[in-house]
Structure formats: C-alpha cells, structure tokens
Amino acid sequence: MKSHESFNVTKGKTYLLRISNFGLVWSINFKIQNHQMVLVETEGSYTNQLTLDPLDVHVGQSYSVLVTADQDIADYYVVATPKMVNVTDLSTLEAIVVLHYKNSTTNPTGPIPSGPDPFDMDFSVNQAKSIRWNLTA
C-alpha cells in the first residue's frame with residue numbers, strides 16, 4: 001500500500017475540519033470514506049447544519065464541517081479530486097490522506113471513494129443552493 005499522511009481520530013469523538021480551496025483554477029470534491037460531514041460554517045458565518053457526502057469546494061471557498069468518528073476502528077481514505085477537469089485518469093490529480101482511528105491495525109480497504117461526475121454541474125449548484133446561514137446562532 002502506498003504511504004499517505006494521516007489524520008488521527010478516536011472512536012466516538014467529533015472533529016471540526018476546515019476545508020479550504022486555495023486553488024486558482026479548479027473546484028474540488030472532498031469526501032471521507034464511510035463518513036458523513038455536517039456543514040456548520042462557511043466563510044466565517046454559521047450555517048444551518050447540513051449533512052453532506054461529498055462536498056464541492058469552489059475556488060476561494062472555505063467550509064467548516066463536523067466529522068464524527070463513528071465507524072469501525074480502521075483506516076479510511078480522505079480524498080480531494082478536481083472538478084471540471086478533462087483527463088482520462090483523475091487518480092493522477094487526487095489528494096489522498098488517511099483518517100486513522102486510534103488503535104487501528106487495518107489499512108484502508110476497497111476502492112478510493114469517488115464523488116459525483118466531475119462535470120455534474122447540477123450537483124454543485126444544488127449543493128450550493130442548499131446552504132443557508134443560521135441567523136440565530
């Protein structure tokens with residue numbers, strides 16, 4: 001197995017992740033194998049909580065999500081892939097990290113999780129439309 005950087009978690013705990021796209025050209029799709037993310041903030045403003053899997057992050061955008069380590073103790077892939085890229089093999093452009101549960105001795109298994117089709121504009125637009133500020137927070 002190829003070695004990847006890892007992010008260590010403890011089963012049962014919830015973590016706040018800040019996901020930012022500092023790119024100049026491509027939007028990205030971000031996903032965590034077998035985990036869902038609860039969106040809680042965008043661009044410094046609280047949002048109504050929204051459960052997502054995966055999350056599109058466009059150039060210059062930043063989101064904060066809650067991720068609960070609620071799966072079996074093992075390792076899971078965390079993947080960011082570009083959107084709107086016309087290449088035959090997106091794996092050459094994937095950024096992969098491992099979500100490592102404390103005491104795990106199991107490497108990530110199965111295929112690296114894939115998101116929506118990189119050219120699925122409806123997915124991106126509908127996801128963006130679903131995000132609402134929480135004006136009572």
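Note that the coordinates shown come from a computational prediction; the quantities given were computed from them, not determined experimentally.
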Handout entry: Spacing of CG belonging to Asn48 relative to CZ belonging to Arg132, to within rounding of 0.5 Å
Key = 8.5 Å
Problem - Sub-4.5 Å side-chain heavy-atom contact between Ser20 and Gln61 - result: no
Handout entry: Shared hydrophobic cluster, Tyr15 / Val78 (ILVMFWY, side-chain heavy atoms < 4.5 Å)
Key = yes
Practice task
List the steps, then state whether side-chain contact (heavy atoms from CB on, under 4.5 Å) holds for Gln71 with Tyr76.
Solution key: CA-CA 9 Å; Gln71 298 299 307; Tyr76 298 89; 3.3 Å; yes
Fill in the blank from the handout: Asp120 and Lys83 have their tightest heavy-atom pair at O-NZ, 3.9 Å
Handout entry: Derivation and outcome, side chain to side chain donor-acceptor pair (under 3.5 Å), residues Asp75 and Thr106
Key = CA-CA 6 Å; Asp75 288 358; Thr106 306; over 6 Å; no
Exercise for the section: Check whether any side-chain heavy atom of Thr109 sits under 4.5 Å from a side-chain heavy atom of Asn107, and report yes or no. Expected result: no
Exercise for the section: Check the hydrophobic clustering (I, L, V, M, F, W, Y; side-chain heavy atoms under 4.5 Å; chains of links allowed) and say if Ile19 and Leu99 are grouped together. Expected result: yes
Fill in the blank from the handout: Residues Pro54 and Pro116: closest non-hydrogen pair is CG-CD, 3.5 Å
Exercise for the section: Indicate the atoms forming the closest heavy-atom contact of Glu43 with Arg18, along with that distance. Expected result: N-NH1, 4.4 Å
Practice task
Report yes if the side chains of Ser27 and Asp56 come closer than 4.5 Å at any heavy-atom pair, otherwise no.
Solution key: no
Practice task
Using the rule that two of Ile, Leu, Val, Met, Phe, Trp, Tyr join whenever any of their side-chain heavy atoms come within less than 4.5 Å, decide whether Tyr77 and Val9 are in one cluster.
Solution key: no
Practice task
Check the hydrophobic clustering (I, L, V, M, F, W, Y; side-chain heavy atoms under 4.5 Å; chains of links allowed) and say if Val57 and Ile131 are grouped together.
Solution key: yes
Exercise for the section: Quick one: pull up CG in Leu55 and CD1 in Ile28 and give me the separation to the nearest 0.5 Å. Expected result: 8.0 Å
Practice task
Grab the two heavy atoms, one from Lys31 and one from Pro113, that are nearest each other, plus how far apart they are.
Solution key: CE-O, 3.1 Å
Practice task
Evaluate the side-chain proximity of Ile112 to Glu94: yes if any heavy-atom separation is below 4.5 Å, no if none is.
Solution key: yes
Handout entry: Flag side-chain contact, heavy atom, 4.5 Å: Thr47 against Asn134
Key = no
Handout entry: Closest non-hydrogen atom pair, Glu41 against Ser64
Key = OE1-OG, 2.6 Å
Handout entry: Shortest non-hydrogen contact between Ser130 and Leu50, atoms and distance
Key = OG-CD2, 3.2 Å
Problem - Trp133 side chain near Thr42 side chain, heavy-atom distance below 4.5 Å - result: yes
Exercise for the section: Using the rule that two of Ile, Leu, Val, Met, Phe, Trp, Tyr join whenever any of their side-chain heavy atoms come within less than 4.5 Å, decide whether Val97 and Val65 are in one cluster. Expected result: yes
Problem - Euclidean distance, Asn21 CG relative to His58 NE2, rounded to 0.5 Å - result: 9.0 Å
Exercise for the section: May I ask you to decide if the ring planes of His35 and Tyr101 are parallel, tilted or perpendicular, using 30° and 60° as cut-offs? Expected result: tilted
Problem - 4.5 Å side-chain heavy-atom contact, Trp26 and Met84 - result: no
Practice task
Can you measure from CG (Asn29) to OG (Ser114) and round to the nearest 0.5 angstrom?
Solution key: 9.0 Å
Problem - Any Ile32 side-chain heavy atom under 4.5 Å of Leu17 side chain - result: yes
Completion exercise
Between the CG atom in Leu135 and the OG atom in Ser45, the distance rounded to the nearest 0.5 Å is 9.0 Å
Exercise for the section: Could you check Thr81 against Phe30 for side-chain contact (heavy atoms from CB on, under 4.5 Å), going step by step and ending with a plain yes or no? Expected result: CA-CA 7 Å; Thr81 53; Phe30 183 87; over 6 Å; no
Problem - Gap separating the CE atom of Met37 from the CD atom of Gln49, nearest 0.5 angstrom - result: 14.0 Å
